[in-house]
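Here's the structure, in structure tokens; my notes come after.
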Amino acid sequence: TGICTKTLEIHKETVTALAWLPDGTGFISGGLDRTIVHWDNEGNIHDKWDGSGIRITDLAISPDLSRLVSVGLQHVLTNEGLTGREVQISDAAAAVKLSENRMVIYDLMTKQVELSIRLEGDLTGVTVSQDSRFALINHAPNEIYLWDLDAGRLSRKYTGQRQRHHVIRSCFGGFDGNFVASGSEDSNVYIWHRDTGALIETLAGHGEGSVNSVAWNPTNHRILASCSDDHTIRIWEAESRFEGPLLFRNQRSPRTGTGRTAKGRRGSSGTPMV
């Protein structure tokens with residue numbers, strides 16, 4: 001019916017991320033208030049993680065329910081002469097507050113931090129592979145990181161797409177999640193081979209503005225969708241079963257929304273980063 005059945009109010013600042021638990025028993029929210037909340041399907045609080053340390057811009061849950069991966073902004077105090085290095089400050093007046101971007105990986109069951117690492121540049125999106133091994137992180141400017149969650153290290157970088165000012169999101173896709181797709185500020189969709197990092201396809205077709213997000217069909221691995229500031233969603237279909245080059249064709253969908261500028265007017269400038 002489209003009726004709102006419940007409104008949940010617990011966060012004290014903007015809520016930036018939602019993720020359903022893969023087993024369907026509830027969902028997790030995260031926000032700029034540094035709070036992570038685990039809800040059940042009735043909208044009751046199951047658990048609450050205060051003081052996550054970062055102003056969360058996105059989060060994802062691994063399909064095997066072992067980890068929660070979050071990205072966001074952390075404020076630290078440093079001495080002016082020790083740029084970027086965390087130190088103990090006894091006199092707050094002598095300290096300078098700096099911001100740094102972090103990826104924080106939690107054990108989902110214990111809520112303990114497995115890994116917290118500083119990353120350069122803005123982090124706008126995270127998704128976890130179906131095998132729960134890799135996390136894909138959109139990073140401005142102009143890079144996408146592939147993190148090996150088991151090894152706790154950067155496995156690969158993907159380049160070619162454009163991201164400097166807006167929120168862009170990527171995804172895994174194809175058979176066995178062997179491909180990585182991303183939107184871009186240059187109006188294109190980019191596709192790489194996950195394991196080699198080779199750029200396989202650049203899909204043109206959207207109008208002016210950023211391609212903000214992409215989503216690969218979870219059951220028909222030949223289908224990819226993208227959405228853009230040009231007010232359209234486009235459906236792309238591979239002409240082969242990924243034997244050799246990916247040959248995609250697209251089919252324009254009806255207009256289903258509007259792009260907005262940072263001031264909320266209709267336009268073609270994407271969603272600005274926090």
>> side chain to side chain contact (heavy atoms under 4.5 Å, CB included) for Ile223 and Glu237? Distances and angles first, verdict last.
In response: CA-CA 5 Å; Ile223 302 270; Glu237 183 175 4; 4.0 Å; yes
> Given the rule in the side chain to side chain contact (heavy atoms under 4.5 Å, CB included) test, do Asn41 and Trp20 qualify, once you have shown the distances and angles that lead to the verdict?
Replying inline: CA-CA 10 Å; Asn41 283 329; Trp20 284 99; 3.2 Å; yes
>> Pair Trp147, Leu119 - check side chain to side chain contact (heavy atoms under 4.5 Å, CB included), show working.
In response: CA-CA 12 Å; Trp147 276 87; Leu119 299 174; 3.7 Å; yes
> Trp39 and Leu18: side chain to side chain contact (heavy atoms under 4.5 Å, CB included), yes or no, with the steps?
Replying inline: CA-CA 10 Å; Trp39 308 81; Leu18 284 173; 5.6 Å; no
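To the nearest 0.5 Å, atoms CD1 (Ile233) and NE2 (His206) are separated by 9.0 Å. To the nearest 0.5 Å, atom CG of residue Leu65 and atom CG of residue Asp23 are 5.0 Å apart. Rounding to the nearest 0.5 angstrom, the gap separating the CD1 atom in Ile56 from the CD atom in Glu13 is 11.5 Å. A distance of 10.0 Å separates CD of Gln74 from CZ of Arg118, quoted to the nearest 0.5 Å. Atom CG of Leu73 and atom CG of Leu123 lie 9.0 Å apart (nearest 0.5 Å). Atom CD1 in Ile117 sits 8.0 Å away from atom CG in Leu154 (nearest 0.5 Å).
Side chains of Leu8 and Ile10 form no contact here, defined as non-hydrogen atoms less than 4.5 Å apart. The side-chain heavy atoms of Tyr145 and Met103, taken from C-beta on, include no pair separated by under 4.5 Å. Annotation: side chain of Ile168 is not in contact with side chain of Gln161 (no heavy-atom distance under 4.5 Å). Within the 4.5 Å cutoff, side-chain heavy atoms of Leu21 are placed close to those of Ile61. When side chains are defined from C-beta on, Leu149 does not count as touching Phe134, because their heavy atoms never get closer than 4.5 Å. Contact of the Phe172 side chain with the Val180 side chain is registered, since non-hydrogen atoms from C-beta on lie closer than 4.5 Å.
Between Leu136 and the options Ile144, Val69, Val128, Val126, a side chain to side chain contact (heavy atoms under 4.5 Å, CB included) holds for only Ile144.
Met109 forms part of no hydrophobic cluster, judged by ILVMFWY side-chain heavy-atom separations under 4.5 Å.
For Thr5, the side-chain hydrogen bond (donor to acceptor under 3.5 Å, both in side chains) test picks out no residue, with sequence neighbours left out. In terms of the side-chain hydrogen bond (donor to acceptor under 3.5 Å, both in side chains) criterion, residue partners of Ser132 (sequence neighbours excluded) are, by chain and number, Asp64. Scanning for salt bridge (Lys or Arg N to Asp or Glu O under 4.0 Å) contacts around Lys12 gives an empty result, with sequence neighbours left out. Applying the side-chain hydrogen bond (donor to acceptor under 3.5 Å, both in side chains) criterion to Ser116, with sequence neighbours excluded, gives Arg102.
Listed for the Ser187 side chain is a donor-acceptor partner under 3.5 Å among the backbone atoms of Gly209. Between the Trp192 side chain and the Thr159 main chain, a donor and an acceptor come within less than 3.5 Å of each other. A side-chain donor-acceptor contact under 3.5 Å links Arg222 to the backbone of Ala238. Checking side-chain atoms of Asn101 against main-chain N and O of Gly121 turns up a donor-acceptor pair under 3.5 Å. Under a 3.5 Å cut-off, the side chain of Arg156 and the backbone N or O of Asp195 do form a donor-acceptor pair. At least one donor-acceptor pair under 3.5 Å links the side chain of Lys6 to the backbone N or O of Glu42. The backbone N or O of Arg67 lies less than 3.5 Å from a partner atom in the side chain of Ser62, making a donor-acceptor pair. Panel note: side chain Asp40, backbone His46; no donor-acceptor pair is recorded below 3.5 Å. Tyr190 contributes no side-chain N or O that, together with a main-chain N or O of Arg162, makes up a donor-acceptor pair within less than 3.5 Å. Ser70 places a side-chain N or O within donor-acceptor distance of the main-chain N or O of Val104, the cut-off being under 3.5 Å.
Annotation: side chain to side chain donor-acceptor pair (under 3.5 Å) contacts involving residues 167-181, sequence neighbours excluded, comprise Asp58-Arg169, Asn138-Ser170, Ser170-Ser182.
In this structure, Glu114 places its CD atom where more than 12 heavy-atom neighbours from other residues, nucleotides or ligands lie under 6.0 Å away.
Taking each heavy atom of Gly72 and Ile54 in turn, the nearest pair found is N-CD1, 3.7 Å. When all heavy atoms of His11 and Thr35 are compared, the closest pair comes out as CE1-O, 3.3 Å. Taking all atoms of both residues into account, the shortest heavy-atom contact from Trp216 to Ala181 is CZ3-CB, 3.8 Å.
Counting only N and O atoms by type, the side chains of Thr124 and Asp122 include no donor and acceptor under 3.5 Å apart.
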